[in-house]
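Order of the sequence lines fixes the chain letters, A, B, ..., with proteins taken first and strands second; residue numbering starts at 1 for each chain.
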There are 2 protein chains.
Amino acid sequence: MITNMESINNKLLSKNVRPTYQRMKILEYLEKNQNHPTVDMIYRYLLKEIPTISKTTVYNTLTMLFEKGLVSCLNITGTESRFDCYTGNHHHFLCEKCGNIIDLDVKCPIADKKKFQGHVIKELHGYFKGICKKCLENQK
Amino acid sequence: MITNMESINNKLLSKNVRPTYQRMKILEYLEKNQNHPTVDMIYRYLLKEIPTISKTTVYNTLTMLFEKGLVSCLNITGTESRFDCYTGNHHHFLCEKCGNIIDLDVKCPIADKKKFQGHVIKELHGYFKGICKKCLENQK
DNA sequence: TCCATATTTGTAATCATTACAATTATGTAT
DNA sequence: ATACATAATTGTAATGATTACAAATATGGA
Ligand SMILES: [Mn+2]
Ligand SMILES: [Mn+2]
Ligand SMILES: [Zn+2]
Ligand SMILES: [Zn+2]
């Protein structure tokens with residue numbers, strides 16, 4: 001996937017979202033930083049490029065992008081939301097040592113089902129917690 | 001599983017936790033109310049039986065019980081922690097209509113693995129969100 | 001009974017998130 | 001181009017869950 005302003009622009013337009021500078025930059029950040037950032041991480045970075053940006057705008061934009069299906073929102077840490085521009089079906093691993101969140105390719109047996117045991121499924125989250133490969137190697 | 005004070009007592013003792021009245025009551029509540037209550041739900045109920053109980057005690061106790069492996073902690077809603085005395089491997093469904101959290105028996109392909117792609121796995125959370133069977137029937 | 005220690009309690013602080021109103025930017029009709 | 005209604009952004013205050021911390025209380029063993 002190529003990250004350029006043109007594609008980001010089209011992505012927003014395809015969902016009838018006005019491609020404002022703030023929205024473009026937030027989406028650009030997410031595409032360039034696929035480490036599942038927090039609102040604050042996005043905000044603090046964008047502050048350099050857009051000194052007037054408000055954290056409320058970051059919150060509002062991410063909520064809206066989520067509702068439009070352009071980003072996904074994780075609550076794996078339990079303390080703050082994490083955002084991911086990759087909306088395809090995948091799972092996540094949280095390292096309790098370094099705090100990194102890693103994408104996992106796990107085949108969930110009911111991943112593509114619209115219904116399960118009578119319940120309509122709209123979202124699916126697979127969260128794993130433990131110690132990541134890199135941290136295990138470092139402590140050897 | 002029978003919920004009586006004797007078994008709760010033993011459960012705590014087996015983890016070298018002093019079975020105080022507050023701890024027993026919190027664990028008893030969880031065993032009798034398997035609807036994944038919040039801290040506040042537990043606190044407000046126990047207030048009737050233990051008028052002097054502090055919400056801090058509920059927090060401290062649940063954190064301790066979790067660390068001892070006697071309860072599990074869910075962050076499915078994103079706004080507050082939910083607790084579950086059933087620590088066996090199972091997944092959860094959150095209904096965005098009624099807010100209920102339902103146990104799901106989903107076979108995760110890596111449920112019993114200690115390691116996955118080099119990462120040591122200590123916790124596994126499967127969260128599904130949508131509209132539950134009961135709410136679907138009601139709106140027909 | 002005495003005492004060191006564990007537990008509980010109450011209050012204040014923290015931190016993420018939301019509410020809300022004021023300001024600013026934008027698209028469209030004139 | 002101008003005016004205006006509307007959308008978007010901003011700043012600040014409020015909310016709510018959780019944590020920090022110190023004082024009060026309870027407990028088990030000497
Ligand atoms: Mn991801
Ligand atoms: Mn459960
Ligand atoms: Zn790590
Ligand atoms: Zn429901």
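Taking only side-chain nitrogens and oxygens, A:Arg18 never comes nearer than 4.0 Å to OP1 or OP2 of C:dG27. Distances shorter than 4.0 Å separate some side-chain N or O of A:Gln22 from OP1 or OP2 on D:dT10.
Distance B:Leu12 CG to C:dA6 C1': 15 Å, rounded to the nearest Å. Atoms OH (B:Tyr43) and C1' (D:dG16) sit 15 Å apart, rounded to a whole Å. A:Arg23 has its CZ atom 12 Å from the P atom of C:dT26, to the nearest Å. Rounded to an integer number of Å, the gap from A:Ile26 CD1 to D:dA8 C1' is 12 Å. Taking atom CG of residue B:Asp40 and atom P of nucleotide D:dT18, one finds them 9 Å apart after rounding to whole Å. We find that NZ of A:Lys25 is positioned 14 Å from P of D:dT10, with the value rounded to whole Å.
At a non-hydrogen distance threshold of 4.0 Å, B:Thr56, B:Tyr59, B:Thr79, B:Glu80, B:Ser81 from residues 45-82 of chain B come into contact with DNA chain D.
Counting non-hydrogen atoms of neighbouring residues, nucleotides and ligands closer than 6.0 angstrom, the CZ atom of A:Phe116 exceeds 12 such neighbours. Summarising the local packing, CD of A:Gln139 is surrounded by more than 12 heavy atoms from other residues, nucleotides or ligands at distances under 6.0 Å.
Atom SG in A:Cys95 sits 9.0 Å away from atom NZ in B:Lys122 (nearest 0.5 Å).
Using a 4.5 Å cut-off between side-chain heavy atoms of Ile, Leu, Val, Met, Phe, Trp and Tyr, B:Leu74 falls into a hydrophobic cluster with A:Leu74, A:Ile76, A:Leu94, A:Ile101, A:Tyr127, B:Ile76, B:Leu94, B:Ile101, B:Tyr127.
A salt bridge does not link A:Lys134 to A:Glu137: none of the charged side-chain nitrogens sits closer than 4.0 Å to a carboxylate oxygen.
Taking the six-membered ring for Trp and thresholds of 30 and 60 degrees, A:His36 and A:His92 have ring planes more than 60 degrees apart, a perpendicular arrangement.
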